[in-house]
Amino acid sequence: MAKDPKDSRIMEYKDTISQLNMTIKSQNELIVSLQKTIDSNNEAMAVMNEKIDYLTKKLFGTSSEKSKNVEGQLSLFDEAEQEAGAYEEPEAEGTVVKEHTRKAKGTHAELFKGVPVKDEVIPLSEEQKHCGDCGAEMEVIGREFVRQEFRFTPAKGEVVNIYRETAKCPACSQAPAMERAVSFVKAHVPEALIPHSYASASAVAWTMYQKYANSLPLYRQEQDWKQTGVTLSRATLANWVLYCAGNYFSPLYDYFHRELIKRRFLMADETRVQVLKEPERKAETDSFMWLFRTGEDGLAPIILYKYTQTRAGFNAADFLKGFKGYLETDCCQGYNSLADVKRCCCWAHLRRYFVEAVPKGKELDYGNPAAQGVQYCNKLFEYERRSHEKGHTHEQRKEYRLKKEVPVLEAFWEWVSGQSPKKGTRFEKAVSYAQNHKEQFMTYLEDGRCSFSNNLSENAIRPFTVGRRNWLFSDTPKGAEASAIVYTMVEMAKAHGLNIYKYLNHLLEHLPETRMRESELSRLAPWAPEIISRCSGAM
């Protein structure tokens, strides 16, 4: 029996509806897929924009890590304090807090302290020496101060021909030759700085001072020497540095190394250096210059540079063999191989991670998670600054940290554990950096002599990084080792407030050697009283 046309149309409509539903379902799935792709692309674009902002800031922005504050702006921590009347803990008896005052403008006497002073009197002219009325000779009755000038005499060299006296005994020379031999005596001549060379202690010390303290490369020094009328090639200057660093500074460097290992609180940092002629390595391969120094133990500072071909952890382990104590560094994995050492990680590095994660223009937006991380770190740094200003002993410093900083640290770690950063962002790196090294970030609480940050090491290695921008690379490993040794002497002099050139010159005049006893080497250390008296002040 034939179907009713109405039923046929209904069946056709049902098929059409079914097809349309399938199409709609397919389109919805496509829309969802495309939306996911768009969201993924937006996230990737956000990450890329963040990287662009970060690299732009690194290239063109300021390098300061100081936080910006706007008058009236409440910070993450200051709001509660301001609402409560900014309560401050009472000072312990006998503790004096310095009042914050603007530094007074320096006087001429302070500015030119240690610079030789002489008086210059301008005489009367021939016309002024006679009275304009009667012609009588004028009588000088005094002098009037007019002004003070600072005058500079350019450096100059001189050639010194060294002779020595020879004497004979007149009585012996008059006696018959068969009875007595003639007695001759010759004056003792100090040993030459470099055999068969015209180099002097002053010339080599000046070359080292210019390169390692003033970051003046040898090729520029070569041009500068020409202005004095002397043609000294950069190869000659380099040989001077290599010979004196290896033969005279090395024994003192080893003495400093032995003294460093005896300490209980050390700090370390490292940076790249390019060495062209390393055996079996390409010229473009990175080598490393390490910086090891004493921490905040209240004793005389010791600062040592060390060149190595790689950043492998065994380099630090070999150099610090025998050291037992606390080591302040960044979170580089290379230091994990050190035995009998407790790692303290630098909070300045952690804060830098959060600072770099703050989006452009969001520095004062405390609703932004990265900005909140910066505020937690800033609060800890504020407490460290207050402890320093109060002049706490290391026992008081430890007690102050446990009382004031532990609550902030507990809140910080709870905050970190509650974060869910987007993968690949700088904020994720900051959170992961904190979580992965939590134990090392808390070690500083164990002793008041442990450093909160590694800023002392970064400040000590900065002269090398600044110099590297000028001289760019070392030619040979021997040259890199010599640079490490001379930089050590320069930074040791600087750390003890000595005149750098005077100290280098003094060492080259006294020629330290391996045969010297510890007591003799200690007298050449920058903390020795004789060195302080001789090597302080202007040149």
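Everything numeric here is computed off the predicted structure, so don't read it as measured data.
- Contact check on R523 versus E530 returns no salt bridge, with no Lys/Arg side-chain nitrogen under 4.0 Å from an Asp/Glu carboxylate oxygen.
- Residues A495 and I303 approach most closely at CB-CD1, 3.9 Å, considering heavy atoms.
- Counting only distance, with no hydrogens or angles, the side chain of S250 and the backbone of A245 share a donor-acceptor pair below 3.5 Å.
- For the residue pair E328 and N454, the shortest heavy atom distance occurs at O-OD1, 3.3 Å.
- The structure places NZ of K423 at 12.5 Å from NZ of K429, a figure rounded to the nearest 0.5 Å.
- Pairing each heavy atom of I531 with each of P526, the nearest pair is CG2-CA, 4.0 Å.
- Here the side chain of N505 pairs no donor or acceptor atom with the backbone of Y501 at under 3.5 angstrom.
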Practice item. Mind running side chain to side chain contact (heavy atoms under 4.5 Å, CB included) on D286 and T310 for me, showing each step along the way? Key: CA-CA 8 Å; D286 283 334; T310 68; over 6 Å; no

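- For the pair V486/M208, a side-chain contact is recorded, criterion being any heavy-atom separation below 4.5 Å from C-beta on.
- Checking each of E296, E389, E446 against R397 for a salt bridge (Lys or Arg N to Asp or Glu O under 4.0 Å) leaves exactly one that passes, namely E296.
- Using bins of under 30°, 30° to 60° and over 60° for the plane-to-plane angle, the ring pair F354/F427 lands in the tilted bin.
- Scanning all heavy atoms of the two residues, the minimum distance from T271 to I461 falls at CG2-CD1, 3.7 Å.
- Side-chain contact between F256 and M492: present, with at least one pair of heavy atoms (C-beta onward) separated by less than 4.5 Å.
- Separation of the F381 and W347 ring centroids does not fall under the 6.0 Å cut-off.
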Exercise for review: Please assess R426 against E356 for the test salt bridge (charged side-chain N to carboxylate O under 4.0 Å, His left out), listing each intermediate value before the final yes or no.
Suggested key: CA-CA 7 Å; R426 300 206 67 81; E356 293 171 350; 3.3 Å; yes

Exercise for review: Could you give me the CA-CA distance, side-chain angles and deciding distance for E405 and R385, then say whether salt bridge (charged side-chain N to carboxylate O under 4.0 Å, His left out) is met?
Suggested key: CA-CA 12 Å; E405 297 179 24; R385 176 182 57 80; over 6 Å; no

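- The six-membered or imidazole ring of H257 lies near that of F319, with a centre-to-centre distance under 6.0 Å.
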Exercise for review: Give the C-alpha distance, both sets of side-chain angles, the deciding distance and a yes or no for side chain to side chain contact (heavy atoms under 4.5 Å, CB included) between M289 and T465.
Suggested key: CA-CA 10 Å; M289 187 67 75; T465 60; over 6 Å; no

Review point. For E481 and K478, what are the C-alpha separation, side-chain angles and deciding distance, and is it a salt bridge (charged side-chain N to carboxylate O under 4.0 Å, His left out)?
Key: CA-CA 5 Å; E481 292 171 358; K478 190 175 181 180; over 6 Å; no

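- Residues E382 and R386 are paired through a salt bridge, judged by an N-O separation under 4.0 Å between the basic side chain and the carboxylate.
- In summary, D297 and R264 do not engage in a salt bridge, as defined by a charged side-chain N under 4.0 Å from a carboxylate O.
- Scanning all heavy atoms of the two residues, the minimum distance from L350 to A430 falls at CD1-O, 4.0 Å.
- If you take NE2 on H437 and SG on C332, they are separated by 9.5 Å, rounding to the nearest 0.5 Å.
- Side chain to side chain, S287 and R281 meet the donor-acceptor criterion of an N or O pair below 3.5 Å.
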Exercise for review: Under the side chain to side chain contact (heavy atoms under 4.5 Å, CB included) rule, what do V275 and D475 come out as? Steps first, then yes or no, please.
Suggested key: CA-CA 6 Å; V275 182; D475 190 50; over 6 Å; no

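- Here the straight-line distance linking atom CG of N499 with atom CG of L504 works out to 9.0 Å at 0.5 Å rounding.
- Side-chain N or O atoms of N315 include one that pairs as donor or acceptor with a backbone N or O of A312 at under 3.5 Å.
- No donor-acceptor distance shorter than 3.5 angstrom exists from the side chain of E414 to the backbone of A411, with no hydrogens or angles considered.
- For residues 486-499, every residue pair satisfying the salt bridge (Lys or Arg N to Asp or Glu O under 4.0 Å) rule, not counting sequence neighbours, is listed here: E491-K494.
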Check your understanding: Given the rule in the ring-ring contact (aromatic ring centres under 6.0 Å, His included) test, do H349 and Y353 qualify, once you have shown the distances and angles that lead to the verdict?
Key -> CA-CA 6 Å; H349 278 77; Y353 270 82; 7.9 Å; no

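- By the 30° and 60° cut-offs, the orientation of the rings of H496 relative to W527 is tilted.
- S536 places no side-chain N or O within 3.5 Å of a backbone atom of S533 that could act as its donor or acceptor partner.
- Inspection of the Q274 and S474 side chains reveals no N or O donor paired with an N or O acceptor under 3.5 Å.
- When atom types are taken as modelled, the side chain of S40 and the backbone of T37 share no donor-acceptor pair closer than 3.5 angstrom.
- A salt bridge is defined here as a Lys NZ or Arg NE, NH1 or NH2 lying under 4.0 Å from an Asp or Glu carboxylate O, and R258 with E518 meets this definition.
- Of the inter-residue distances, the one linking E428 atom CD with S420 atom OG reads 11.0 Å to the nearest 0.5 angstrom.
- Aromatic ring centroids of W290 and Y305 lie 6.0 Å or more apart.
- Checked for salt-bridge contact, E284 and R272 miss the test: no charged N lies under 4.0 Å from a carboxylate O.
- No donor-acceptor distance shorter than 3.5 angstrom exists from the side chain of H506 to the backbone of K502, with no hydrogens or angles considered.
- A pairwise comparison of heavy atoms in A300 and R263 identifies O-NH2, 2.7 Å as the closest pair.
- Checked against T329 for a side-chain hydrogen bond (donor to acceptor under 3.5 Å, both in side chains), the options Q440, E270, R343 give a single hit: R343.
- Listed by first and then second residue, the ring-ring contact (aromatic ring centres under 6.0 Å, His included) pairs involving residues 263-289 are F265-Y326 (not counting sequence neighbours).
- In this structure, the separation between OG on S453 and CG on L380 is 11.5 Å, given to the nearest 0.5 Å.
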**Study point:** H388 vs Y383, side chain to side chain contact (heavy atoms under 4.5 Å, CB included): CA-CA, chis, key distance, verdict
**Key:** CA-CA 9 Å; H388 177 74; Y383 283 133; over 6 Å; no

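- Separation of atoms NZ (K324) and CG (L338) is listed at 13.5 Å; rounding is to 0.5 Å.
- Between the side chains of R468 and S215, no donor-acceptor pair of N or O atoms lies under 3.5 Å.
- In this structure, the side chain of T425 engages the main chain of K422 through a donor-acceptor pair within 3.5 Å.
- Remark: side-chain polar atoms of S483 are paired, donor with acceptor, to backbone N or O of G479 under 3.5 angstrom.
- Relative to the ring axis of Y400, K398 does not place its NZ or CZ within 45° and under 6.0 Å from the centre.
- Counting heavy atoms from C-beta on, the side chains of C345 and D330 never come closer than 4.5 Å.
- At least one donor-acceptor pair closer than 3.5 Å links the side chain of R401 to the backbone N or O of Y444.
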